[in-house]
Participant: 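Quick one: the structure is below, questions incoming.
Computed over heavy atoms, backbone and side chain alike; hydrogens, waters and symmetry mates excluded. Within every chain, numbering begins at 1; the chains are lettered A, B, ... in the order of the sequence lines, protein sequences first and strands thereafter. Note that the coordinates shown come from a computational prediction; the quantities given were computed from them, not determined experimentally.
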Protein chains: 2
Amino acid sequence: MARQRVFDIETAIEAATVLFWRQGYEGTSLSDLTTAIGIAPPSFYHAFGSKEALFRRVLDRYRASRLQYAEDAVNCATAREVAEQMLLRWAELYTDPECPPGCLAANCALAGGAPDSLLGGELTRVRKARQGRLRKRFKRAQQEGDLAAGANPDALARFLMTVGWGMASDARSGASRADLLCTVEMALKAWPG
Amino acid sequence: MARQRVFDIETAIEAATVLFWRQGYEGTSLSDLTTAIGIAPPSFYHAFGSKEALFRRVLDRYRASRLQYAEDAVNCATAREVAEQMLLRWAELYTDPECPPGCLAANCALAGGAPDSLLGGELTRVRKARQGRLRKRFKRAQQEGDLAAGANPDALARFLMTVGWGMASDARSGASRADLLCTVEMALKAWPG
DNA sequence: AGGATTTTGTAACGAATGCTATAATTGCGC
DNA sequence: GCGCAATTATAGCATTCGTTACAAAATCCT
């Protein structure tokens with residue numbers, strides 16, 4: 001029983017996603033956002049609360065959709081397949097022609113300034129959580145026998161994440177999907193067994 | 001034949017270096033800089049011209065000193081040694097206890113917003129130049145016979161750079177030198193031969 | 001239709017940004 | 001001692017930042 005909203009929230013979030021992805025959190029001004037969405041500041045604040053609140057929604061969406069697709073690679077049968085699929089999906093996501101290049105989270109993690117800032121801390125936490133899940137998966141693989149007993153699950157997880165972040169920044173500065181797949185192939189040569 | 005400067009330029013540049021390193025280019029305000037140096041804005045502009053000009057001096061210094069140390073690894077005898085030394089030196093530089101963690105250039109490259117911005121473009125250009133020198137070195141190694149003929153110099157150079165950028169961001173979010181050395185060891189397992 | 005409620009538009013807030021005009025200080029050569 | 005030139009300090013420039021009062025417009029329920 002009230003006036004109906006004149007813009008679509010989901011569409012607005014997608015527009016904001018592109019902006020944050022391209023320009024980072026601090027690099028995207030409220031004016032950028034309201035212009036892209038096509039609304040005035042009061043509508044923005046009524047709908048989203050604040051710039052930071054909207055960014056969290058954007059980041060949550062990104063994690064739940066695109067990053068989750070990569071993370072689902074942990075369900076592959078063997079450790080080797082997990083690594084291969086994870087890398088391949090990152091390469092795919094970071095060079096999706098329908099999206100800005102690179103990784104939204106990675107772009108904003110560094111662009112957000114120090115990792116001890118509010119948002120920076122959260123992004124670092126997310127990163128470590130992902131690395132932890134990979135490590136756990138490789139430990140399990142070791143128990144199940146499809147990963148050499150001498151391998152180091154922690155080092156493997158860290159290595160994959162490092163290559164992933166490297167690929168994200170490579171993509172952001174213009175690398176093509178073929179370039180990234182090249183790197184994936186190289187990285188897999190380091191895999192034990 | 002004039003009033004003598006009350007602060008030391010080199011000391012000021014070093015103070016600015018730490019700030020840019022920690023907070024990125026846009027994350028560091030003029031107020032941050034003048035406060036850290038201990039001067040007022042007019043002195044700052046008289047001495048450095050602008051914030052961007054100072055940043056370029058900072059970046060040049062960084063490249064000529066620290067990054068150059070890593071880059072000197074291309075003078076090693078074999079391709080394998082080049083790769084090993086390059087990675088080791090990056091790991092060392094990015095976790096130097098006397099400096100902020102990570103790579104000044106890498107931190108600012110992403111923090112500077114889009115790679116098509118003025119500074120972003122320059123940082124991207126620097127990155128590609130470094131990768132090009134590595135590629136050339138590996139091509140030479142191939143001709144000299146210490147790198148397998150079937151190897152791909154371009155892929156090798158790209159892989160090293162990717163791991164380097166990944167290590168930089170890993171260090172920035174808290175990874176220790178031991179962590180990075182772990183990654184170096186892993187990456188080297190991918191090396192041909 | 002009337003009133004309650006939510007969204008919208010206008011306009012502006014205080015604070016911070018990078019930067020500078022003006023003029024007062026300081027030091028050297030003459 | 002004096003004038004010239006370089007550096008300094010005070011103060012403020014215009015702009016942009018994220019954010020918000022305030023009131024008009026638009027909807028639904030009674």
Participant: Side chain of His46(B) only, please: which of dT7(D), dT8(D), dC17(D) is the nearest?
Facilitator: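 When the side chain of His46(B) is considered, dT7(D) is the closest of dT7(D), dT8(D), dC17(D).
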
Participant: In whole Å, what is the span from the CG atom of Leu30(B) to the C1' atom of dT20(C)?
Facilitator: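 One finds 11 Å between C1' of dT20(C) and CG of Leu30(B), rounded.
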
Participant: Could you tell me the separation between the CZ atom of Phe44(B) and the P atom of dA11(D), rounded to a whole number of Å?
Facilitator: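 In whole Å, dA11(D) P lies 22 Å from Phe44(B) CZ.
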
Participant: Rounded to the Å, how far apart are Glu26(B) CD and dG18(C) P?
Facilitator: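 Taking atom P of dG18(C) as the reference, CD of Glu26(B) is at 9 Å.
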
Participant: Given atom CZ of Phe55(B) and atom P of dG18(C), what is their separation to the nearest angstrom?
Facilitator: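 From Phe55(B) CZ to dG18(C) P: 14 Å.
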
Participant: Whether Arg3(B) contacts dT25(C) is assessed here as follows: a side-chain N or O lying under 4.0 Å from the phosphate OP1 or OP2. Is that the case?
Facilitator: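 Looking at the OP1 and OP2 atoms of dT25(C), neither is under 4.0 Å from any side-chain N or O of Arg3(B).
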
Participant: Please state whether the phosphate of dT7(D), meaning OP1 or OP2, lies under 4.0 angstrom from any side-chain nitrogen or oxygen of Ser43(B).
Facilitator: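 No, Ser43(B) has no side-chain N/O under 4.0 Å of OP1/OP2 on dT7(D).
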
Participant: Taking atom C1' of dA16(C) as reference, at what distance in whole Å does atom CG of Leu33(B) sit?
Facilitator: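 It is 15 Å, rounded to the nearest whole Å.
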
Participant: Looking only at the side chain of Ala2(A) (C-beta and beyond, no hydrogens), which of the listed nucleotides dT5(C), dT8(C), dG18(D) gets closest?
Facilitator: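 The nucleotide sitting nearest to the side chain is dT5(C).
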
Participant: For Tyr25(A), does the six-membered ring have the charged nitrogen or CZ of Lys51(A) within the cation-pi criterion, i.e. under 6.0 angstrom from the centroid and within 45° of the normal?
Facilitator: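 Yes - Lys51(A) lies over the ring of Tyr25(A), closer than 6.0 Å to its centre and within 45° of its axis.
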
Participant: Return the CG to CZ distance between Leu104(A) and Arg66(A), rounded to the nearest 0.5 Å.
Facilitator: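 It comes to 9.5 Å.
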
Participant: For Thr28(B), which contact category applies under a 4.0 Å heavy-atom criterion: base, sugar-phosphate, or nothing?
Facilitator: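 Sugar-phosphate, backbone atoms only, no base.
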
Participant: Taking CD1 from Ile39(B) and C1' from dC19(C), how many angstroms apart are they, rounded to a whole number?
Facilitator: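 Between C1' of dC19(C) and CD1 of Ile39(B): 13 Å.
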
Participant: With a 4.0 Å limit, can you tell me whether Tyr45(A) has a side-chain N or O closer than that to the phosphate oxygens OP1/OP2 of dT19(D)?
Facilitator: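 For Tyr45(A), the contact criterion (side-chain N or O under 4.0 Å from OP1 or OP2 of dT19(D)) is met.
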
Participant: Calculate the interatomic distance between Leu54(B) atom CG and dG18(C) atom P; express it in whole Å.
Facilitator: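 In whole Å, dG18(C) P and Leu54(B) CG are 12 Å from each other.
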
Participant: Reading DNA chain C from 5' onward, which residue's closest nucleotide shows up sooner: Pro42(B) or Ala40(A)?
Facilitator: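 On the 5' side of the pair lies Ala40(A).
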
Participant: Is any side-chain heavy atom of Phe138(B) closer than 4.5 Å to a side-chain heavy atom of Val82(B)?
Facilitator: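 Side chain of Phe138(B) against side chain of Val82(B), heavy atoms only: contact under 4.5 Å found.
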
Participant: What is the distance, rounded to the nearest whole Å, between atom CG of Asp32(A) and atom P of dT19(D)?
Facilitator: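 Going from Asp32(A) (CG) to dT19(D) (P), I get 14 Å.
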
Participant: Hey, which sits more toward the 5' end of DNA chain D by its nearest nucleotide, Phe7(B) or Pro41(B)?
Facilitator: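 Nearest-nucleotide comparison on DNA chain D picks Phe7(B).
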
Participant: For Gln4(A) and dT27(D), is the shortest distance between a side-chain N/O and OP1 or OP2 below 4.0 Å?
Facilitator: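 Indeed, a polar side-chain atom of Gln4(A) lies that close.
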
Participant: Taking 4.0 angstrom as the limit, do Asp60(B) and Arg57(B) come out as a salt bridge?
Facilitator: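 Looking at Asp60(B) and Arg57(B), the cut-off is not met.
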
Participant: Distance under 6.0 Å and angle within 45° of the ring axis: does Arg172(A) meet both against Trp165(B)?
Facilitator: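 Geometry flag: not set, cation outside 6.0 Å or 45°.
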
